[in-house]
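Encoded as structure tokens, the structure appears first; notes follow it.
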Amino acid sequence: QVQLVESGGGLVQAGGSLRLSCAASGRAFSYSAFSSYNMAWFRQAPGKEREFVAGISWNGRTTDYADSVKGRFTISRDNAKNTVYLQMISLKPEDTAVYYCGLDRSAGAVRAALGAYGYWGQGTQVTVSS
């Protein structure tokens, strides 16, 4: 019904930058459908729970960030391309994790709760060396 595919991860030195992309597709998926969903990025490091990183409202006008990434990460979306992005700068070793894109079927406030997101991609690995 819906498929999310993350890309853009890789190995980078501390202080470097990466931009992640999440492309949505599906037989019943369309521009108008994608435009109705809030989206978010989560990450999961080895031995840790999956945690909220950044979220964005259906129209891109409202965003929310985890305290650990404020001022360094920027979430954005291009509804015409069914794609959400995460621009990451000033990366730190503690940012190392698998990053996942999630879709929230609700269209209210941006939510940080893991259970709010019913669809996930396969994840993309981000590794930051010191």
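Just so it is clear, the structure is predicted and the values come from calculations on it, not from any experiment.
Using a 4.5 Å heavy-atom cutoff, the side chains of Ile75 and Tyr65 are in contact. Looking at Asp95 and Arg72, their side chains come closer than 4.5 Å, going by heavy atoms from C-beta outward. Residues Thr83 and Phe34 fail the side-chain proximity criterion, which asks for heavy atoms closer than 4.5 Å. Contact of the Arg111 side chain with the Asn38 side chain is not registered, since no non-hydrogen atoms from C-beta on lie closer than 4.5 Å. For the pair Leu20 and Thr124, the minimum side-chain heavy-atom distance is below 4.5 Å. When side chains are defined from C-beta on, Asn82 does not count as touching Arg77, because their heavy atoms never get closer than 4.5 Å.
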**OP:** Would you sort out whether Phe42 and Trp120 count as a ring pair (Phe, Tyr, Trp, His ring centres under 6.0 Å), showing the intermediate values?
**Re:** CA-CA 10 Å; Phe42 285 72; Trp120 299 95; 5.1 Å; yes

**OP:** Output, in order, the C-alpha distance, side-chain angles, deciding distance and verdict of side-chain contact (heavy atoms from CB on, under 4.5 Å) for Ile56 and Thr62.
**Re:** CA-CA 6 Å; Ile56 188 166; Thr62 302; over 6 Å; no

**OP:** Could you check Leu4 against Leu103 for side-chain contact (heavy atoms from CB on, under 4.5 Å), going step by step and ending with a plain yes or no?
**Re:** CA-CA 8 Å; Leu4 304 175; Leu103 183 151; 4.1 Å; yes

**OP:** Apply the test side-chain contact (heavy atoms from CB on, under 4.5 Å) to residues Tyr117 and Arg105: give CA-CA distance (whole Å), side-chain angles for both, the deciding distance (0.1 Å), then the verdict.
**Re:** CA-CA 7 Å; Tyr117 297 86; Arg105 294 181 64 234; over 6 Å; no

Original post:
Given Phe73 and Leu91, is the side-chain contact (heavy atoms from CB on, under 4.5 Å) satisfied, shown in steps?
Top reply: CA-CA 9 Å; Phe73 291 10; Leu91 283 162; 3.9 Å; yes

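Among all heavy-atom pairs drawn from Leu86 and Trp41, the shortest one is CB-NE1, 3.5 Å. When all heavy atoms of Ala14 and Pro93 are compared, the pair lying nearest together is CB-CD, 4.2 Å. Asn79 approaches Trp58 most closely through the heavy-atom pair ND2-O, 3.1 Å. Considering every non-hydrogen atom in both Arg43 and Ser68, the closest pair reads NH2-OG, 3.4 Å. The minimum heavy-atom distance between Cys101 and Glu6, with the atom names listed, is N-OE2, 2.8 Å. Shortest non-hydrogen contact noted between Thr96 and Val128 is OG1-N, 2.9 Å.
Taking the charged nitrogens against the carboxylate oxygens, Lys70 and Asp67 do have a contact shorter than 4.0 Å, which makes a salt bridge.
Relative to the six-membered ring of Tyr100, Arg50 meets both conditions, a distance below 6.0 Å and an angle of at most 45° to the axis.
Just one of Ser21, Cys22, Ser76 meets the side-chain contact (heavy atoms from CB on, under 4.5 Å) condition when paired with Val84; it is Cys22.
Surrounding CD of Gln44 are more than 12 heavy atoms belonging to other residues, nucleotides or ligands, all under 6.0 Å away.
In the hydrophobic cluster analysis, where Ile, Leu, Val, Met, Phe, Trp and Tyr join through side-chain heavy atoms closer than 4.5 angstrom, Val98 is grouped apart from Leu11. Linking ILVMFWY side-chain heavy atoms closer than 4.5 Å, directly or via other members, places Tyr119 and Tyr99 in a single hydrophobic cluster. Hydrophobic clustering (side-chain heavy atoms under 4.5 Å, transitive across Ile, Leu, Val, Met, Phe, Trp, Tyr) keeps Tyr85 apart from Leu18. Grouping the Ile, Leu, Val, Met, Phe, Trp and Tyr side chains by contacts below 4.5 angstrom, directly or via other members, places Tyr37 with Val2.
A distance of 13.0 Å separates OG in Ser7 from CD in Gln122, rounded to the nearest 0.5 Å.
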